[in-house]
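Just below is one structure, and these are the notes that go with it.
Just follow the structure's listing: the first ligand is 1, and inside any ligand the first atom is 1. In this chain, numbering begins with 1 at the start of the sequence shown.
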Amino acid sequence: MANNQNAAVLSASADLPAGETGTRDQALEVLRSLVGHPEARFHDGQYEAIEALVDGGRRALVVQRTGWGKSAVYFVASLLLRRRGAGPTLIVSPLLALMRDQVAAAARAGVRAVAINSANQLEWAAVRGQLAADEVDVLLVSPERLTNPSFRENQLPELIRRTGLLVIDEAHCISDWGHDFRPDYRRIADLIKQLPETVPVLATTATANSRVVHDIEEQLGDGVLTIRGALGRESLRLGVLSLPDSRDRLGWLLTHLADLPGSGIIYTLTVSAAEDTARLLAEAGHEVLAYTGRTDPADRERAEQLLKDNEVKALVATSALGMGFDKPDLGFVVHLGAPSSPVAYYQQVGRAGRGAANADVLLLPGSEDRDIWQYFATASMPSEEKAAAVLTALAEAGAAVSTVALEARVDLRRTPLELLLKVLSVDGAVERVGGGWRSTGQPWTYDAERYTRIAEARVDEQDSMVIYQDTAGCRMEYITSVLDDETAHACGRCDNCAGRWFPADVASAATEAAGQTLSRAGVALEPRLQWPSGMDRLGVTVKGKIKPDESLAEGRVLARLTDLGWGGALREIFASGAADREVDPAMLQACVQVLREWGAGNGRNPGWSGAGRPAAIVSVPSRSKPGLVGSLARGISEIGRIPYLGELQLEHGGPTGGRGGNSAYRLAGVWERFAVGPGLETAMAGIQGQSIMLVDDLTDSRWTVTVAGRALRRAGAGAVLPLVLGQAG
Ligand SMILES: [Zn+2]
C-alpha cells in the first residue's frame with residue numbers, strides 16, 4: 001500500500017495506478033518517471049535486483065558496467081519500499097561528483113534525496129530536521145562520514161534503526177582485493193552487521209573480479225543474490241601505441257588530438273604530467289584543461305561541465321577525475337602511461353562510448369610506468385614499525401593528540417600518517433575524539449600476512465597491464481577475461497582484431513615543439529614561513545613564524561622529479577646508487593636560462609624575487625653529490641660572473657635522516673648542521689647586506705635550504721636566493 005505522501009510525489013510525474021498493483025508494474029512506472037521516458041524498460045537484471053530487495057528483503061550484489069543503470073535499481077527500490085512504509089534509504093557513496101548527479105536525477109523522479117558530506121556542512125542541521133520529520137527518501141553519505149565520531153554517536157544509531165535499505169556504491173572499495181581499497185569502507189562491514197537481518201542491502205560496483213566479488217558477498221551476509229553482467233562494451237575501439245619517450249607521446253597528441261572523435265579525457269599518472277601536458281597542448285591552440293587533485297574544487301566542477309558541454313576538446317586528468325563522472329557521449333580516452341591494474345584501466349576507459357556508437361581508447365605506455373606504480377604501491381601500505389610508533393606515541397601521551405602534534409612524535413608525513421590512523425581506527429586500536437586521536441588501549445597486531453597478500457595481488461595486476469600492452473590477441477577479450485567476465489570474447493574492433501585504427505606517425509615539428517616545452521625549466525621554490533610545531537620534543541627550540549631576517553627569498557628549482565621534461569634526467573641523477581658526476585652542460589645551460597628569467601622578472605614578479613642581483617654564490621655541502629653541486633655552483637659563477645665563495649661547513653657530523661620523512665623530523669635532522677666557516681665568513685665580510693645565491697642539488701622538505709639560508713642570513717646576507725636542481729615529493 002502506498003503511503004499518501006509518496007503517492008502525491010509520484011503522481012506529479014506519472015500516472016499512479018489505483019489500488020494494489022504488482023511490484024513489477026509499480027517498479028516500471030517509477031522507472032519511467034525516473035528516466036523521463038514513457039516506454040522505458042528494465043535492462044537484464046535490473047528488475048530481478050529490485051524484486052530481491054523489495055519483495056525478498058534480501059542482500060544483493062550487482063556487478064555491472066558503468067551506465068548499465070545501477071542507480072535506477074536503488075532509486076526505484078527506495079520509492080517502492082517507502083510506499084510500503086519503510087524508512088529512508090541510506091546510500092554510502094565515495095565521491096561528491098557522483099552525489100551531485102545522483103541527487104539531481106533522483107529529484108526528477110520525485111525522490112527526495114539529500115546528502116551529508118564534508119562540502120555541505122551548513123546544510124546538516126536542515127537535513128537532520130528533514131530526517132526527523134520523515135521527509136527524506138534517500139540519504140547519501142560519504143564513507144568518511146561513517147568514521148566521524150559525532151556522526152557515529154549522534155546520527156548513525158537512529159539511521160540504522162530506521163533505514164529501509166542500505167546501498168553501498170562502488171562496493172569494490174570494501175574489499176582488500178579491490179584496486180581502490182579505502183580504510184573508511186571497512187566501517188561499512190560493521191554497519192551491515194548492525195542492521196536488522198530484515199533490512200535489504202544492495203552493493204553495486206562496475207569493476208570487480210571473482211576474488212573481489214566473493215569477498216563482498218561474504219561481507220554482505222548469507223543468501224546474497226549476485227547479478228553479474230558482461231563487461232565488454234561494443235562501442236569501444238581499443239589500441240596500444242608504444243612510442244620511445246614522452247616527447248614522442250606528446251608529439252603524437254599534438255599531431256592527432258584534433259582528429260579524435262568528439263571530446264574526451266587524456267589520463268596521466270602524475271599531477272605534474274597532467275599540468276605539463278595541458279600546458280603544452282593549450283599553447284599549441286588545443287582547448288584543454290588540467291584536472292588533478294591539486295585543482296581547486298570549483299575549477300574542477302567547471303572543467304567537468306565544460307567537458308560535458310563539449311566546450312573543451314579534452315581534460316588532461318589524473319585519476320582524480322574518476323568514479324562518478326558521467327558523460328555518455330565521451331568520444332575518446334587516451335592514456336599517457338598505463339594505470340597499475342586492469343580494473344583501474346577498464347574503469348577509466350569505461351567512461352567512453354556509453355551513449356555513442358564509437359569511442360576510441362588508446363594507451364600510450366611509458367617506460368617509467370613501473371617506477372610510478374611502485375612508488376604509489378609502497379606509499380599506500382602501512383608499515384609495522386610506523387604503526388607501532390604511532391601507538392606508542394598515543395599511549396605515552398595519555399590524552400588526545402592532534403595529527404599535527406603527532407608529526408613531532410612519529411616520522412611520517414601527513415597523508416600516510418592520516419591513512420595509518422584510519423587503518424588503526426578501523427581496527428579499533430585508536431579512536432578519533434575532539435582534539436585529535438587517542439589510544440583505545442586495545443591490543444593491535446600487524447597483519448603481515450594480509451599486507452603481503454595485498455602486495456602480491458598488486459604485482460599480479462601490474463603484470464596483467466604489461467601483458468595487455470604486449471598481447472597479440474584481442475585486447476577487449478584479454479582485459480574482460482582478467483576481470484573474470486565469463487562472456488569475454490574477441491571484439492573484432494581493437495587494433496589486434498581489425499588492424500591498427502590510429503595513425504602511428506608523429507609530425508617532427510610536433511615532437512620538436514614537445515621537446516621545447518619539456519626542456520623549458522624553472523619552478524618557483526616557495527620559502528618556508530613557519531617552523532613545524534612540537535619541535536622542542538625533538539630538541540629544537542624554534543616555533544611559530546620564521547623570523548623575516550632569517551628566512552629565504554623565493555627561489556628556483558630546475559624541475560620537479562616528476563616533470564615530464566627535465567624530470568627524467570633528474571630521476572637518473574638521484575636514483576639510489578647513481579654515481580656522482582659533474583653537471584651535464586645542457587642541464588647547466590637550462591639552469592642559466594632559469595636564472596636569466598628569474599633575474600629579468602616579469603609583470604607580476606620583480607627580478608630576483610625582489611631581493612637584488614646576488615653578489616655571491618655559496619653552495620650546500622653534499623656528501624653524496626659533491627661533484628654535481630660543486631660543478632653547478634662553479635658553472636653558474638663562470639657564466640653569470642658572480643663570485644663563488646665556496647661551501648657552508650658541516651657541523652655535528654652533518655645532516656642525519658633521509659628523504660621521505662615528515663617535516664618535523666627532517667628539520668631536526670638538519671638543525672644546526674650547517675655553519676658559516678672561518679673562510680666563508682671572511683669572504684662574506686665585503687658583501688654584508690647583499691644577496692647571496694645558495695646552490696643545492698635536491699630539495700624535498702626544503703628544510704636543508706631553509707636552515708642553510710638561515711646560517712647565511714645570520715652571518716650578514718641581506719637575502720638568500722636558493723637555486724636547486726631537483727625537487728622531490
Ligand atoms: Zn579485439
Practice task
Show all protein N/O/S atoms under 2.8 Å from the Zn ion (ligand 1), or state that there are none.
Solution key: C474 SG, C491 SG, C494 SG, C497 SG

Completion exercise
To the nearest 0.5 Å, atom CD of E368 lies from atom CG of D245 at 9.0 Å

Problem - Plane angle bin for F42 and Y47 - parallel if under 30°, tilted between 30 and 60°, otherwise perpendicular - result: tilted

Exercise for the section: Please name all residues satisfying side-chain hydrogen bond (donor to acceptor under 3.5 Å, both in side chains) with T295, sequence neighbours left out, ordered by chain then number. Expected result: T292

Handout entry: Expected output: side-chain K327 to main-chain Q305 donor-acceptor under 3.5 Å
Key = no

Handout entry: Expected output: side-chain T205 to main-chain A208 donor-acceptor under 3.5 Å
Key = no

Practice task
Would you confirm whether R65, through its side chain, and G350, through its main-chain N or O, come within 3.5 Å as a donor-acceptor pair?
Solution key: no

